[in-house]
Peer 1: 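Take a look at this one; I'll ask things after.
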Amino acid sequence: MPRIPSPQTSIRALLRRDWRLPALVFSLAALLLSDASQAELIEVSRGPGKSWKELPTRTLADLPELAPDGKTGSFGGLVVATPRPSGFFSTTFANGRWWLVDPEGFPFLNRGVTSIKETKTKSAREELKRRFENPEGWAKETKALLKEHDFNGLGPWCDEDVLQPAQSGLPYTKLWNFMSAYGKKRGGTFQKSGHRGYPGDCPFIFDPEFKDFCDQHAAQLAATKDDPWLLGHFTDNELPWNIKMLDRYLALPDKDPGHQAAMKWLQDEGISKPFTEKNRGDFVGYAAGVYFQTVCDAIRKHDPNHLILGSRFHGSGLRVPQLFEAAGRHLDVISVNYYHAWTPEQDRLKAWSEKAGKPILITEWYAKGVDSGMGNTSGAGWLVKTQEDRAAFYQNFTLGLLESKVCVGWHWFRYSDNDPNQKGVDPSNLDANKGIVTSHYEPYQALLDAMKAVNTRTYRIADYFDQN
């Protein structure tokens, strides 16, 4: 029976056979200039008015020359000789590396972009009409742009109905906002920069009504449960997982379900003040376990076929190992919005994956260019001087992700720049150069060219790092 490479079958051998890579390519690996002093130095800043510093930046120019990838299948997976088709996306760990597996059974590394949709300001609508005539024309040209630069997926907040994944050959993801949708119905939530806020930074995990709400909310997933182009489901975005969660729940009113759950947990665990960092971390793990079991049970009841990608961890929660341990018991993939690192930290990526026992998907990251002429006052991404610097950052970051062997893909945030004239948007999405195109659809070609250079060689690069 055909099957994809297993831990007993070397995927590297398959790649060599299918790609017919010359041995010289791998012998040249010894010449890789790994010394940071050999890497390009690029000036970066946390934002306008902040200090600038030079950071070493590795690009494809620092690797031996690699030819483009071999043949890929309908969903973008690498065609190998022994696939194991399942009809839906899945994961596997083979020869020391995590992979997604596409519905045809081929190894798959996801390269996506988020928020691919029209800009809704008056001037942007006029520009769309001038450039593309109508939304259908925009969708056609946008799909062509993504395919031309070898992206193979749609991140969240995309207009899938217009982009039509099955016709465009771009697998997609869905973000369902279980907790924030419940909070909107319950009341008490508010807008923060990049995500919803909760009273005292305490999401309503322990509300008795949350479980029934999740079951009802997940019923809508049945509509796409048989769609092979759906890669998987995100449960929420950037919930406030934090080492201080125990203290914050205890500070809620005595009758609040969150306060009562925290008190019961302390009693059951035999814990009293003063709390240690381990006590606090263990409570984060407990709360995360309750949340993920609740939402994952609801998802799998209505859609047993697709991957569950998690709640897009961010911020200080990334330093709580118990969070990853709890998530790994329920999720298929751990999603991380990874900011404030110019180069991915290898030890950190591997620790996340090892604690969870699952692969990592990087679901937000970007850099903003001063030369865009935008204010760049919002958003967590790096500030750099030029579009060429943004291009180098893309290569530097993705090379680090592929080097880790635990990352199965990335979603660049986002498709278009923030339009300064757009009203009523999230405070993190104001007047900033985040896009692969401007808010009026002009491509950033230097960035796109650098993206394409990596995207067309993703499997070759992974194999290169597996050899070295």
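None of the values given here were measured: they were computed from a predicted structure.
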Peer 1: Using a strict 4.0 Å threshold on nitrogen-to-oxygen distance, state whether R97 and D463 make a salt bridge.
Peer 2: no
Peer 1: Kindly indicate, with the supporting measurements, whether the criterion salt bridge (Lys or Arg N to Asp or Glu O under 4.0 Å) is fulfilled by K301 and D215.
Peer 2: CA-CA 8 Å; K301 174 182 175 181; D215 181 56; 3.0 Å; yes
Peer 1: What orientation do W229 and F75 show, parallel under 30°, tilted 30 to 60°, or perpendicular over 60°?
Peer 2: tilted
Peer 1: Any chance CG of D347 has more than 12 other-residue heavy atoms, nucleotides or ligands included, within less than 6.0 Å?
Peer 2: no
Peer 1: Under the 3.5 angstrom rule, does the side chain of S335 hit a backbone N or O of L309 as a donor-acceptor pair?
Peer 2: yes
Peer 1: Would you say H411 and P156 make side-chain contact, with heavy atoms under 4.5 Å?
Peer 2: yes
Peer 1: Any side-chain heavy-atom pair from F234 and F178 closer than 4.5 angstrom?
Peer 2: no
Peer 1: Does K211 NZ have over 12 foreign heavy atoms under 6.0 Å away?
Peer 2: no
Peer 1: Hey, which of F393, W382, Y339 is the one that makes side-chain contact (heavy atoms from CB on, under 4.5 Å) with Y366?
Peer 2: Y339
Peer 1: If you apply the rule side chain to side chain donor-acceptor pair (under 3.5 Å), what do you find for W410 with T398, and how did you get there?
Peer 2: CA-CA 8 Å; W410 54 82; T398 55; 5.7 Å; no
Peer 1: So, T458 side chain and V454 main chain: donor-acceptor pair closer than 3.5 Å or not?
Peer 2: yes
Peer 1: Hey, is the main chain of D227 close enough, under 3.5 Å, to the side chain of T224 for a donor-acceptor pair?
Peer 2: no
